[in-house]
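Side chains included, hydrogens not; waters and symmetry mates left out as well; all remaining heavy atoms used.
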Amino acid sequence: MGRHDARIDVYIDKAADFAKPILVHLRELVHAACPDVEEAWKWSFPVFMYKGAIMCNLAAFKQHCSFGFWKASIMPDPDNILSVSDREGMGHLGKITSLKDLPKDTVLKKYIKAAMKLNDEGVKLPPRPKPTEKEKKELQVPDYFTKELKKNKAAGELFNAFSYSHKKEYIEWFEEAKTDATRAKRVAQALEWIVEGKSRNWKYMNC
């Protein structure tokens, strides 16, 4: 049988009022579709494990919730619900602000079972291709970020020492911002993380 984690009970209790019914519903849906699922706690938010591997995760923010499949990039998407480029929402269903934003339960269960199948078969995500020397040379650091790195020497030195992939992750994050305000917020956050020696996706490491 499945296993619940008390930390997730606390997480839901502390979530905003709009988020609680969403989190409860998604949690129950995962358990209904996958009776052997085990809850866990990684990167400060709930994840669901199956056959010893991560299957999906959920999270609550100030104004939205998110739900994501760990192997979404290799999952079938017959109903076209996996917006895998939605990094702002940290999930694959977009920003969820109410139960109405969710696909039908039958659809979500179908996707959960597809994720289960990948874990049943021991399928792993393919490794990221290594960048070519040409790609490394062509990576352009935006002027607005270069200026900030000059102001913050510690961040500048650490960023320059980062690998190509770590630099690219940050730059893509900035460039994907839809407004100047969002971009400025991301740059400020990036500087804090860089000074601490963290990559853009440090929360997802050592999983």
Side-chain angles (χ1 to χ4, degrees), residues 1-128 172-173 176 178 182 200-201 203-207:
M1 297 296 292
R3 187 175 68 190
H4 286 71
D5 190 315
R7 290 172 294 184
I8 298 179
D9 295 324
V10 175
Y11 184 84
I12 293 175
D13 287 340
K14 290 183 177 180
D17 289 341
F18 84 89
K20 290 177 182 178
I22 299 171
L23 300 176
V24 169
H25 183 75
L26 287 169
R27 185 186 194 186
E28 292 177 348
L29 200 65
V30 172
H31 280 272
C34 182
D36 293 325
V37 73
E38 295 186 357
E39 297 178 351
W41 187 257
K42 292 180 181 290
W43 317 295
S44 299
F45 58 82
V47 300
F48 298 92
M49 310 287 293
Y50 176 64
K51 294 292 180 71
I54 300 173
M55 184 173 69
C56 51
N57 61 270
L58 57 81
F61 303 94
K62 291 182 179 180
Q63 297 181 330
H64 74 277
C65 295
S66 72
F67 183 80
F69 291 97
W70 188 248
K71 299 173 182 174
S73 61
I74 55 174
M75 283 175 58
D77 189 16
D79 296 274
N80 195 32
I81 67 169
L82 300 180
S83 56
V84 293
S85 63
D86 182 27
R87 295 187 181 183
E88 185 69 20
M90 286 183 66
H92 301 109
L93 303 181
K95 293 183 179 181
I96 307 165
T97 59
S98 73
L99 291 172
K100 294 180 180 179
D101 292 332
L102 292 171
K104 293 181 179 179
D105 287 357
T106 52
V107 173
L108 272 179
K109 284 183 177 180
K110 178 171 63 177
Y111 277 70
I112 293 169
K113 290 184 180 297
M116 289 172 60
K117 186 172 184 292
L118 291 175
N119 283 18
D120 278 328
E121 297 173 350
V123 178
K124 296 183 179 180
L125 289 171
R128 292 183 179 182
E172 287 183 340
W173 190 40
E176 288 169 356
K178 295 180 180 179
T182 298
R200 156 74 180 102
N201 295 313
K203 293 182 180 180
Y204 306 96
M205 298 177 71
N206 300 321
C207 61

Quick check: closest heavy atoms across [X] and [Y], and the distance to 0.1 Å?
X      : Y      : value
Pro76  : Tyr111 : O-CE2, 3.6 Å
Ala72  : Leu82  : O-CD1, 4.0 Å
Ala15  : Leu23  : CB-CD1, 3.8 Å
Pro126 : Ile74  : CD-CG2, 4.0 Å
Met75  : Ala114 : CE-CB, 4.3 Å

So, taking the atom named [atom1] in [X] and the one named [atom2] in [Y], what distance separates them when rounded to the nearest 0.5 Å?
X      : Y      : atom1 : atom2 : answer
Ile12  : Ile22  : CD1   : CD1   : 11.5 Å
Phe69  : Ile54  : CZ    : CD1   : 14.0 Å
Ile112 : Leu26  : CD1   : CG    : 8.0 Å
Leu29  : Phe67  : CG    : CZ    : 7.5 Å
Thr97  : Leu102 : OG1   : CG    : 9.5 Å
Met49  : Cys34  : CE    : SG    : 11.5 Å

Partner of Glu38 under side-chain contact (heavy atoms from CB on, under 4.5 Å), chosen from Met55, Arg3, Lys51: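 Going through the options one by one, the only one that passes is Arg3.
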Salt bridge flag under 4.0 Å for residues Asp79 and Lys110: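 Yes, Asp79 and Lys110 are salt-bridged.
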Arg27/Asp5 ion pair, N-O < 4.0 Å: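 No, this pair does not count.
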Checking [X] side chain against [Y] main chain: does a donor-acceptor pair fall under 3.5 Å?
X      : Y      : value
Asn119 : Ala53  : yes
Asp77  : Ile81  : yes
Lys71  : Lys124 : no

Listed partners of Tyr50 passing side chain to side chain donor-acceptor pair (under 3.5 Å), at least two apart: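 Applying side chain to side chain donor-acceptor pair (under 3.5 Å) to Tyr50 gives Asp120.
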Whether His64 and Phe61 hold their rings parallel, tilted or perpendicular, with breakpoints at 30° and 60°: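 Parallel, since the angle between the ring planes stays under 30°.
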Validation row: Trp70, Leu118 side chains within 4.5 angstrom (heavy atoms):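 They are not in contact (no side-chain heavy atoms under 4.5 Å apart), so the answer is no.
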Worked verdict on Leu58 versus Cys65 for side-chain contact (heavy atoms from CB on, under 4.5 Å): CA-CA 7 Å; Leu58 57 81; Cys65 295; over 6 Å; no
From CA spacing to verdict: side-chain contact (heavy atoms from CB on, under 4.5 Å), Lys113, Lys117: CA-CA 6 Å; Lys113 290 184 180 297; Lys117 186 172 184 292; over 6 Å; no
More than 12 heavy atoms from other groups under 6.0 Å of CD on Gln63: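 At most 12 heavy atoms, drawn from other residues, nucleotides or ligands, come within 6.0 Å of this atom.
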Of all pairs that satisfy ring pair (Phe, Tyr, Trp, His ring centres under 6.0 Å), the ones with a partner from residues 10-31, not counting sequence neighbours: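 Output for this query lists His4-His31, Tyr11-Trp41.
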